[in-house]
Amino acid sequence: MDSLPDVLAAHDYPGRGVLWCTTGDGTSLGAYFLTGRSPASQARTLRRTSEDTLVVAASDTREHDHLRHYVAARQSRQWLVFGNGEQVSTVADRLDAGRTPLLALDGLDYEPDPPIFTQRLTVVADGDGRAWFGAARRSAGGRTTTDRLTLHVSELPPGEAVLMTTYRSSGQHLATGAPFTETRTTAEDADALLDELWSALPPRLRIAAAVFTPGHLAGAGIRQAARVGD
């Protein structure tokens, strides 16, 4: 099982990513990160709007773009929901209405951004170390229907993690990321995990990253890139 830095270093452009892990101190943590190549993608910030919500918003005067600006994490009663798009709010609303994690993740579609058709990644986590990953992906063949992957993760021992990224890239070609990757972290706690994750992202592309604990989203650690002119 490769280390988290090695997994991320293997891809020139990972896009956006969701992570669920257990650190060395035995804490179950979620993480979300953004990287971007275009000026519009890089002109974003990750910030709290309330004790139970983190949003990705424009860092300048750009108008709202529903593919780039969205709720990235929301505490929904006993559930923490995080991911790379507006589906986070949809899933949180479904959980509030009493749906199970698997049903709340069902029926999502990939992003309408041809020719890439970015996959939508969502994680639902509870306070007992369990997490449900959902990925809505376009077929690699000719089908336009959505392939929906769900993955239930529980009882991760300290040092183990599960990662999903929107993309994988050799620097020449961009493709949809692997369904999921099991990896290892040397982080002992939340602060160390944020340091490890941030250091592993390509410096020229990284925008923001956050690490959080279910039930304590208000205490999330957030790291932002400093852009020239900011």
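Below, each value reflects all heavy atoms present in this structure, side chains not excepted, and no hydrogens, waters or symmetry copies.
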Hydrophobic cluster partners of Phe117 (side-chain heavy atoms under 4.5 Å): Tyr110
Stepwise side-chain contact (heavy atoms from CB on, under 4.5 Å) check, Thr122 with Gln87: CA-CA 8 Å; Thr122 318; Gln87 80 279 0; 3.2 Å; yes
Taking [Y]'s backbone N and O only, do any of them form a donor-acceptor pair with [X]'s side chain (distance below 3.5 Å, no angle check)?
X: Ser169; Y: Leu174; value: no
X: Thr35; Y: Gly15; value: yes
X: Thr166; Y: Arg16; value: yes
X: Thr183; Y: Asp2; value: yes
X: Arg48; Y: Ala220; value: yes
X: Arg47; Y: Ala57; value: no
X: Asn84; Y: Leu121; value: yes
X: Ser199; Y: Asp195; value: yes
X: Gln75; Y: Glu51; value: no
X: Asp126; Y: Asp128; value: yes

Test side chain to side chain donor-acceptor pair (under 3.5 Å) applied to Arg74 - qualifying residues, sequence neighbours left out: Asp93, Asp96
Qualifying residues under side chain to side chain donor-acceptor pair (under 3.5 Å), relative to Arg137, sequence neighbours excluded: Gln119
Criterion side-chain contact (heavy atoms from CB on, under 4.5 Å) against Arg138, the qualifying member of Thr146, Thr144, Thr145: Thr144
Identified side-chain contact (heavy atoms from CB on, under 4.5 Å) partner of Leu95 from the options Thr90, Leu80, Val81, Thr100: Val81
Between Ser89 and Tyr70, a side-chain donor and acceptor under 3.5 Å: no
Same apolar cluster: Leu197 and Leu34, side chain cutoff 4.5 Å: no
Parallel, tilted or perpendicular: ring planes of His152 versus Trp132, cut at 30 and 60 degrees: parallel
Salt bridge flag under 4.0 Å for residues Arg77 and Asp52: no
Contact summary for Ser41 and Gly36, nearest pair of heavy atoms: CB-CA, 4.0 Å
Shortest non-hydrogen contact between Val56 and Ala72, atoms and distance: CG2-CB, 3.9 Å
Heavy atoms from other residues, nucleotides or ligands near CZ of Arg148 exceed 12 (cutoff 6.0 Å): yes
Distance flag, aromatic centroids of Phe133 and Phe180, threshold under 6.0 Å: no
